[in-house]
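Have a look at the structure below, then the notes.
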Amino acid sequence: MNFANLNIRLFNLKHTFESAQPLAFYADYNEVANSLTYPSGGHVINIRRVKESDSLFVTSNNMDYAVKEVRERFRLDDRMNFIYKQINTDNFMDSAIKNFPGLRLTLNDPWEATLVFILSQFNNVKRIRKTTKSMIEKYGERISGEYDNKIKDFPESERIADASEKDLVKCGAGFRAKYIRDAAEFCTYNINLESLKGKKYDEIKETLLEIKGVGDKVADCIALMGFGKLEAFPIDRWVKRTMERVYFKGKETSIKKIAEFASERWGDYAGYAQQYIFWNGRTEG
DNA sequence: ACCCAGGCGGGCG
DNA sequence: CGCCCGCATGGG
């Protein structure tokens with residue numbers, strides 16, 4: 001078994017895994033070992049963050065693939081000190097950053113992001129995870145050669161496009177089953193998400209909005225966590241609630257106004273600000 | 001029992 | 001446009 005030791009600062013695996021990003025819905029986190037195991041591109045990757053050190057151990061049967069994947073997935077080349085400087089605009093942001101230092105945005109496969117964020121609408125993390133796991137088990141390809149062959153890959157859109165709505169409901173998708181099936185068909189036969197990589201935020205979002213079941217918030221989540229567009233600012237009920245309290249004197253404020261506020265204040269790094277607002281808002285008692 | 005969940009499409013004015 | 005409603009389902 002091969003491994004690599006990356007030298008990484010300001011990367012907290014626990015916060016990153018727990019903060020309801022796509023990996024939270026299917027990766028397996030071991031808190032004692034502070035290690036994360038997940039399938040990717042036909043391989044199983046394990047990373048272990050050594051506490052009180054700057055070491056990140058990567059283990060896989062294909063190290064060339066794994067090291068590159070981990071670097072990209074966890075945005076390890078982001079200059080966190082610089083980003084913090086951009087988004088630490090006030091006392092609230094300062095405490096959010098201090099509460100979750102090293103919480104990183106992740107960069108995920110666009111189709112993965114599309115599926116899990118459609119599934120996330122009007123749903124809770126526990127159930128999103130249960131349903132995602134169930135879909136992986138039912139439609140994912142088996143990965144051979146590691147971990148007792150227990151881990152399957154995230155299913156390609158084609159597999160989900162071939163599924164029946166009824167079977168997706170059985171996985172726990174509820175009323176979102178229809179959206180997920182339509183999205184899978186659309187992503188398999190109508191648009192090529194891969195070809196959107198490198199396009200601008202506006203064009204990516206506009207294209208994503210053509211998918212039925214993808215609205216403003218989900219499109220921004222995909223732009224941010226599937227395409228790495230850091231200016232995207234997804235506004236869900238937690239972000240809205242938290243921002244109304246912190247920045248709008250507790251008054252109901254339209255999503256449009258909140259989006260304008262965020263864009264003005266955090267600009268090109270609004271997406272990072274959003275993840276800290278979201279997670280700080282969700283976790284405070 | 002009752003409330004809530006990383007929203008969305010559709011129908012209405 | 002903006003507003004309002006229903007939506008499947010399980011966990012707290």
Side-chain angles (χ1 to χ4, degrees), chain A residues 15-27 96 100 103-108 110 112-135 138 163-187 205-230 232-246 251-260 262 270-285:
Chain A
H15 299 333
T16 302
F17 167 71
E18 287 183 341
S19 60
Q21 300 187 239
L23 281 169
F25 305 132
Y26 67 94
F100 301 101
L103 165 54
R104 300 263 184 158
L105 278 173
T106 57
L107 178 55
N108 306 272
E112 278 182 29
T114 301
L115 194 159
V116 300
F117 282 115
I118 289 175
L119 189 53
S120 77
Q121 64 175 87
F122 198 37
N123 209 344
N124 60 65
V125 172
K126 273 243 166 84
R127 225 165 69 88
I128 299 166
R129 181 175 167 91
K130 198 175 168 192
T131 305
T132 306
K133 285 264 198 189
S134 158
M135 285 185 184
K138 192 168 173 66
S164 73
E165 189 182 326
K166 200 173 160 189
D167 283 341
L168 295 178
V169 169
K170 252 189 225 168
C171 290
F175 66 89
R176 310 159 198 85
K178 184 172 175 46
Y179 296 152
I180 289 171
R181 231 199 62 76
D182 286 353
E185 258 187 41
F186 200 71
C187 293
K205 186 167 175 183
E206 192 184 344
T207 306
L208 291 171
L209 285 173
E210 292 176 29
I211 303 171
K212 202 166 173 182
V214 173
D216 222 49
K217 186 267 176 186
V218 168
D220 273 326
C221 279
I222 302 167
L224 183 61
M225 295 176 228
F227 290 97
K229 297 299 169 187
L230 295 184
F233 191 83
I235 302 172
D236 74 325
R237 56 185 70 203
W238 293 98
V239 171
K240 185 168 187 291
R241 208 178 287 166
T242 305
M243 286 185 67
E244 283 169 347
R245 178 171 60 73
V246 176
K251 277 192 292 190
E252 277 264 2
T253 308
S254 70
I255 288 184
K256 187 168 183 243
K257 274 193 175 174
I258 293 175
E260 284 167 5
Y272 252 107
Q274 180 273 164
Q275 192 62 19
Y276 280 83
I277 294 165
F278 165 74
W279 195 236
N280 201 67
R282 276 228 47 180
T283 52
E284 65 192 358

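So you know, we letter chains A, B, ... as the sequences are listed, proteins then strands, and number each from 1.
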Main chain of [Y], side chain of [X]: is a donor-acceptor contact present, judged purely on distance under 3.5 Å?
| X | Y | result |
| --- | --- | --- |
| A/Thr132 | A/Tyr26 | no |
| A/Gln21 | A/Gln275 | no |
| A/Asn123 | A/Leu119 | yes |
| A/Arg176 | A/Ala173 | yes |

Report yes if a side-chain nitrogen or oxygen of [X] is closer than 4.0 Å to either non-bridging phosphate oxygen (OP1 or OP2) of [N]; otherwise report no.
| X | N | value |
| --- | --- | --- |
| A/Lys130 | C/dG11 | yes |
| A/Lys212 | B/dG10 | yes |
| A/Lys256 | C/dG2 | no |

Rounding to an integer number of Å, can you tell me how far [X] [atom1] sits from [N] [atom2]?
| X | N | atom1 | atom2 | value |
| --- | --- | --- | --- | --- |
| A/Ile128 | C/dG10 | CD1 | C1' | 12 Å |
| A/Gln121 | C/dG10 | CD | P | 17 Å |
| A/Phe117 | B/dC8 | CZ | P | 12 Å |
| A/Lys178 | B/dG9 | NZ | P | 12 Å |
| A/Phe278 | B/dG7 | CZ | C1' | 13 Å |
| A/Lys170 | C/dG10 | NZ | P | 14 Å |
| A/Lys240 | B/dC8 | NZ | P | 14 Å |
| A/Phe175 | C/dG10 | CZ | C1' | 13 Å |

_If only side-chain N and O atoms count, and only distance matters, is there a donor-acceptor pair under 3.5 Å linking A/Tyr179 with A/Gln121?_
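No, no side-chain donor-acceptor contact under 3.5 Å.
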
*Indicate, with a heavy-atom threshold strictly under 4.0 Å, whether A/Ser19 touches base, sugar-phosphate, or nothing.*
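Here A/Ser19 touches the bases of the nucleic acid.
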
*With sugar-phosphate meaning primed atoms plus P, OP1 and OP2, does A/Lys217 contact a base, only sugar-phosphate, or nothing at under 4.0 Å between heavy atoms?*
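Contact class for A/Lys217: base.
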
*Enclosure of A/Glu165 CD (heavy-atom neighbours >12, cutoff 6.0 Å)*: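 Yes, the 6.0 Å shell around CD holds more than 12 heavy atoms from other groups.
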
_Below 30° counts as parallel, above 60° as perpendicular, anything between as tilted: where do the rings of A/His15 and A/Phe100 land?_
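Geometry flag for A/Phe100 against A/His15: perpendicular rings.
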
Any N/O pairs under 3.5 Å between the protein and nucleotides 2-5 of chain B? List them or say none.
| from | atom 1 | to | atom 2 | distance (Å) |
| --- | --- | --- | --- | --- |
| B/dA5 | OP1 | A/Arg241 | NH1 | 3.3 |
| B/dA5 | OP1 | A/Arg241 | NH2 | 2.9 |
| B/dA5 | OP2 | A/Arg237 | NH1 | 2.7 |
| B/dA5 | O3' | A/Asn123 | O | 2.4 |

_A/Leu209 or A/Asp236, whichever maps to the more 5' nucleotide of DNA chain B_ =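 Closest to the 5' end, via its nearest nucleotide, is A/Asp236.
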
*asked:* Closest-nucleotide mapping onto DNA chain B: is A/Gly213 or A/Val239 further toward the 5' terminus? I mean the 5' end.
replied: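 Its nearest nucleotide lies further toward 5', so the answer is A/Val239.
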
_P spacing across the pair B/dG10 / C/dA8, given as an integer number of angstrom_ =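 Those two atoms are separated by 13 Å.
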
Non-hydrogen side-chain atoms of [X] and [Y] separated by less than 4.5 Å:
| X | Y | answer |
| --- | --- | --- |
| A/Thr242 | A/Asn280 | no |
| A/Ser120 | A/Lys217 | yes |
| A/Phe25 | A/Leu115 | no |

*A/Val169 side chain, from C-beta outward: closest of C/dC7, C/dG11, C/dT9*: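 My answer, after comparing the listed nucleotides, is C/dT9.
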
Return the polar atom pairs (N/O with N/O) between nucleotides 11-13 of chain B and the protein under 3.5 Å, or none.
none

_For A/Ala173 and A/Tyr179, find the nucleotide of DNA chain C closest to each by heavy atoms; which residue's nucleotide sits nearer the 5' end?_
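The residue closer to the strand's 5' end, by nearest nucleotide, is A/Tyr179.
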
